[in-house]
Novice: 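I have a structure here, written as structure tokens, and I will follow up with some questions on it.
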Protein chains: 2
Amino acid sequence: MSLTNHVKYIKFMCARYSTLPLNQILQGDCRDILPDLPDRSVDLIFADPPYNLQLQQDLYRPDRSRVEAVNDAWDQFSSFSEYDEFSQAWLKECRRVLKDDGALWVIGTYHNIFRIGTILQDLGFWILNDVIWIKTNPMPNFRGVRFTNAHETLIWAVKSRDANYIFNHHAMKALNDDLQMRSDWYIPICSGPERIRINGKKIHSTQKPEALLYRIILATTRPGDVILDPFFGTGTTGAVAQRLGRNWIGIEQELQYIQAARERIARVNPAPADALSLPVRSRKSRLPFGTLVEHHLIKPGQILYFDRNPDIRAMVLSNGHLSVDGWSGSIHMAAEKICGRPTNGWERWYFLDEHGNFQPVAVLKQKFLSGISKEDDLKENL
Amino acid sequence: MSLTNHVKYIKFMCARYSTLPLNQILQGDCRDILPDLPDRSVDLIFADPPYNLQLQQDLYRPDRSRVEAVNDAWDQFSSFSEYDEFSQAWLKECRRVLKDDGALWVIGTYHNIFRIGTILQDLGFWILNDVIWIKTNPMPNFRGVRFTNAHETLIWAVKSRDANYIFNHHAMKALNDDLQMRSDWYIPICSGPERIRINGKKIHSTQKPEALLYRIILATTRPGDVILDPFFGTGTTGAVAQRLGRNWIGIEQELQYIQAARERIARVNPAPADALSLPVRSRKSRLPFGTLVEHHLIKPGQILYFDRNPDIRAMVLSNGHLSVDGWSGSIHMAAEKICGRPTNGWERWYFLDEHGNFQPVAVLKQKFLSGISKEDDLKENL
DNA sequence: ATGCTACATGAATCACCCC
DNA sequence: GGGGGTGATTCATGTAGCA
């Protein structure tokens, strides 16, 4: 299919059927291509826009070799206001294309990230974190006139303050040896076999490491989600999305990058599904306290003690409420009434077991839930 | 001298003789006080302005204790544009007061730093570095809904691109074990005896650590220079300046902070300071197992064998946990589950290499750590 | 003195479903 | 759309108390 026909096909599919050109690279300036994508259609956007580096002259190392600079045509802007206009244009379209609960990541350096952050806030985006990619092996400052610029900044934002965004907290915690993941990420720059080269010469001046995208995608998407990258380059986003069982859409101007990206992604094998479906803590395992009463795990009239304190008592009513000094309500409300703020009643109310030991009522919930799963097992085995 | 007379004296000295009120705290809003200082008169400005945090509700730790919020009157702004106006006002005056070869540091978080950076650039400042203060002991994200906000951002800027600014490269290199100082700084938050308290209660909600100012002042001033802090607070800038033999000028509104700062600075001996006496931590070298998964050294879905036993298997999940018979957890927990006591998972779990031989996963860790320190990476890549 | 445990706390934009 | 009910969630460090 010719390029022109390809573009026509994409536009046709999107406009007519509101379907998305999944797992494809669309050629062109993202300011021209984004308008063809439907409203509220993608789950995540990762953007690595031009940094507006404003390098003035060649830079030489102490051994007098020349540093290959980022002076591609796509990184030339004549002024801040021109850069701002450009940024507003693509960010506005990203906002339209993003689902209301979707999220946006943008990466940059001090040359451009302050302008990006300000524009994001002015467009109504709500910043969740700024994350620092700390390079374990940055290029030193050869002339010794500044601090080694050893990091880049990522902004993670959603469309509004009340967006119900995805954050796979437990996956992040697991990835970090069971400690909460922080806003400082230690990742080497892209080099070695991962760096795409032709005849030993790197074809993209700012190729991002796959490890960076791995963490972003694992943290803020689910398998099957659609990830859009409006500055696709050599397709790091697509390669990692493919590996993690996510769908992707890339937008890129340069044919050379597109070809390299297509070859690269074609070589990626997705991970097996059972390695991707992570044990997500279910939010829907809610069990009303009254169910325990119905199933005789706790009896109407039984006495519960707050925080193992034998003097703070409540009586279980037949409807599953607790009665405290004439007042009655749920285990949570009763606990809140005593400690003065919202709290989890399952962990605050204790009963005396057959040995005379205090046990939180949560153990009864556990007992009940495991009993149910045994029943299910029984049914399945029949 | 009464307060009014004191202000009159300052204005008189500045206006008439162009002398500076050195080593003094001027009381008032810096937007009112700065205009009294002469043009091009100070060498360095350090500013820790309000962050515009916009906290909405109380926050509780999992142990149900309440987090003391930053809800001081000085951090209340009704909108971004009001915050921008405020920032433009004081930054514009700072630009006027700063010598042409002087420098400016501003600290902030994602709530405000993008706006500050944009305004700086729009006023003509030239950014030299953004520096990341990485907190070794930040407050966690108690609800597990974002990444731990473990850093703050500093911007180091000069008045124009051709300013002949101070950077004590060799002092910085010496301070960093003879390695070039990078843009990521590892410094604990201000606590313990350094934190100023009255009756055990901190008097300023956002007191900065002296180690941070120590590095800034050592890097970008000379002895005898004049350092201005328009948001002086409890005087960290003054205390460190005094210790390092620099002159300082503080501007602060709150009388309580001023009094604490005066007492604090009076206790400082301007002795030759010992850099190593400051609690500056080096970067951690801990490597989570998940990092190897992120870097594709081990793949989701891959099978590991316990103690080379082909019958005791685990599958690597995409989050870096191991899955064993439906259970999942870290390599260490998985190993403990099997052998019954705490153990080092790195040495107990084996994979099959390309020759079909068992190799402990520790060899991958070694491979990763040696790979990122390769010299050619340093030289070849931006 | 030393070691151990318990407790306090820090610039934090900190939930979500269902009626 | 608002309000009430249910329940998920933390790390490093300094200090106090006690054996």
Side-chain angles (χ1 to χ4, degrees), chain A residues 101 121 125-130 156-158 160-165 167 169-170 173 176-183 280-291 320-321 329-336 342-348 361-362 365, chain B residues 48-72 74-75 77 80 107-113 133 135-153 188-195 197 200-202 204-209 231 233 279 281 284:
Chain A
D101 290 337
Q121 290 177 318
F125 281 97
W126 185 250
I127 298 178
L128 295 171
N129 275 120
D130 60 333
W156 175 36
V158 286
S160 70
R161 186 168 196 163
D162 58 350
N164 185 18
Y165 59 91
F167 179 62
H169 168 65
H170 289 102
K173 200 166 169 174
N176 193 36
D177 270 1
D178 294 335
L179 274 182
Q180 194 172 75
M181 187 73 81
R182 309 171 18 131
S183 57
V280 175
R281 188 147 309 180
S282 170
R283 288 205 194 91
K284 307 210 166 150
S285 65
R286 297 192 342 189
L287 180 74
F289 182 72
T291 304
H321 271 182
S330 73
I331 54 170
H332 308 291
M333 294 307 288
E336 177 174 352
T343 183
N344 183 353
W346 288 105
E347 304 293 343
R348 309 302 293 273
V361 291
K365 178 185 180 180
Chain B
D48 180 12
Y51 287 5
N52 189 23
L53 282 191
Q54 307 170 267
L55 302 179
Q56 293 237 118
Q57 62 212 355
D58 282 350
L59 176 66
Y60 292 91
R61 299 184 183 83
D63 66 3
R64 293 180 290 276
S65 61
R66 198 173 66 85
V67 176
E68 200 181 329
V70 177
N71 48 17
D72 307 80
W74 47 255
D75 198 34
F77 297 87
F80 280 128
I107 185 168
T109 59
Y110 66 85
H111 310 84
N112 71 325
I113 199 66
W133 166 29
K135 303 178 184 184
T136 56
N137 50 350
M139 187 169 76
N141 185 291
F142 296 117
R143 306 299 292 266
V145 292
R146 303 183 182 188
F147 299 99
T148 304
N149 197 4
H151 72 275
E152 299 193 15
T153 300
I189 59 175
C190 181
S191 64
E194 186 184 325
R195 189 87 193 208
R197 295 170 196 275
K201 196 173 149 53
K202 63 185 180 201
H204 196 289
S205 53
T206 68
Q207 187 182 340
K208 294 293 173 289
F231 304 94
R281 309 301 162 92
K284 283 184 190 170

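Every chain is numbered from 1, with letters handed out A, B, ... down the list of sequences. On a predicted model such as this, the values are computed, not experimentally measured, just so you know.
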Novice: Which part of the nucleic acid does A/W126 contact within heavy-atom distance under 4.0 Å: base, sugar-phosphate only, or nothing?
Specialist: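 Contact class for A/W126: base.
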Novice: Taking the C1' atom in each of C/dT13 and D/dG4, what is the distance between them to the nearest angstrom?
Specialist: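 Going atom to atom, C1' in each nucleotide, I get 25 Å.
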Novice: Using a heavy-atom cut-off of 4.0 Å across all strands, would you classify B/P49 as base, sugar-phosphate, or nothing?
Specialist: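 The residue B/P49 makes base contact.
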Novice: May I ask you to verify whether the side chain of B/K135 and the base of C/dA11 hold a donor-acceptor pair under 3.5 Å?
Specialist: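 By the distance-only test, no, there is no pair.
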Novice: Tell me: CG of B/D75 to C1' of C/dA12, nearest whole Å?
Specialist: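 Rounding to the nearest Å, CG of B/D75 and C1' of C/dA12 are 12 Å apart.
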Novice: When we call it a touch if two heavy atoms are under 4.0 Å apart, what does A/Q180 touch: a base, just sugar-phosphate, or nothing?
Specialist: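 Here A/Q180 touches the backbone only, sparing every base.
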Novice: Please list, for nucleotides 2-6 of chain C, all pairs of protein and nucleotide N/O atoms separated by less than 3.5 Å.
Specialist:
none

Novice: Which value, in whole Å, describes the distance between the P atoms of nucleotides C/dC19 and D/dG7?
Specialist: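 14 Å, rounded to whole Å.
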Novice: Where does DNA chain C pair, written as one dot-bracket string 5' to 3', with Watson-Crick or G-U pairs under 3.5 Å, ( ) inside the strand, [ ] for crossing pairs and | for another strand?
Specialist: .|||||||||....|||||
Novice: Kindly confirm whether the side-chain ring of B/Y51 is stacked on the base of C/dA11, judged by centres under 5.5 Å and planes under 30°.
Specialist: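 Yes, B/Y51 stacks on the base of C/dA11, since the ring centres sit under 5.5 Å apart and the planes are within 30°.
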Novice: Let's test your reading of the model: under 3.5 Å, does the base of C/dG10 pair with the side chain of B/R61 as donor and acceptor?
Specialist: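 Answer is yes: a donor-acceptor pair is held.
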Novice: Taking atom C1' of C/dC14 as reference, at what distance in whole Å does atom CE of B/M139 sit?
Specialist: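 That distance rounds to 9 Å.
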Novice: Return a table of donor-acceptor pairs under 3.5 angstrom between the side chains of residues 56-64 of chain B and protein atoms on other chains or two or more places apart.
Specialist:
unit_1 : atom_1 : unit_2 : atom_2 : d
B/Q56  : OE1    : A/R161 : NH1    : 3.4
B/R61  : NH1    : B/S65  : OG     : 3.0
B/R61  : NH1    : B/R66  : O      : 3.3
B/D63  : OD1    : B/S65  : N      : 3.0
B/D63  : OD1    : B/S65  : OG     : 2.8

Novice: Is the shortest side-chain N/O distance from A/R348 to OP1 or OP2 of D/dG7 below 4.0 Å?
Specialist: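 Result: no.
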Novice: What is the distance, rounded to the nearest whole Å, between atom CZ of B/F147 and atom C1' of D/dT9?
Specialist: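 Distance check: B/F147 CZ to D/dT9 C1' gives 16 Å.
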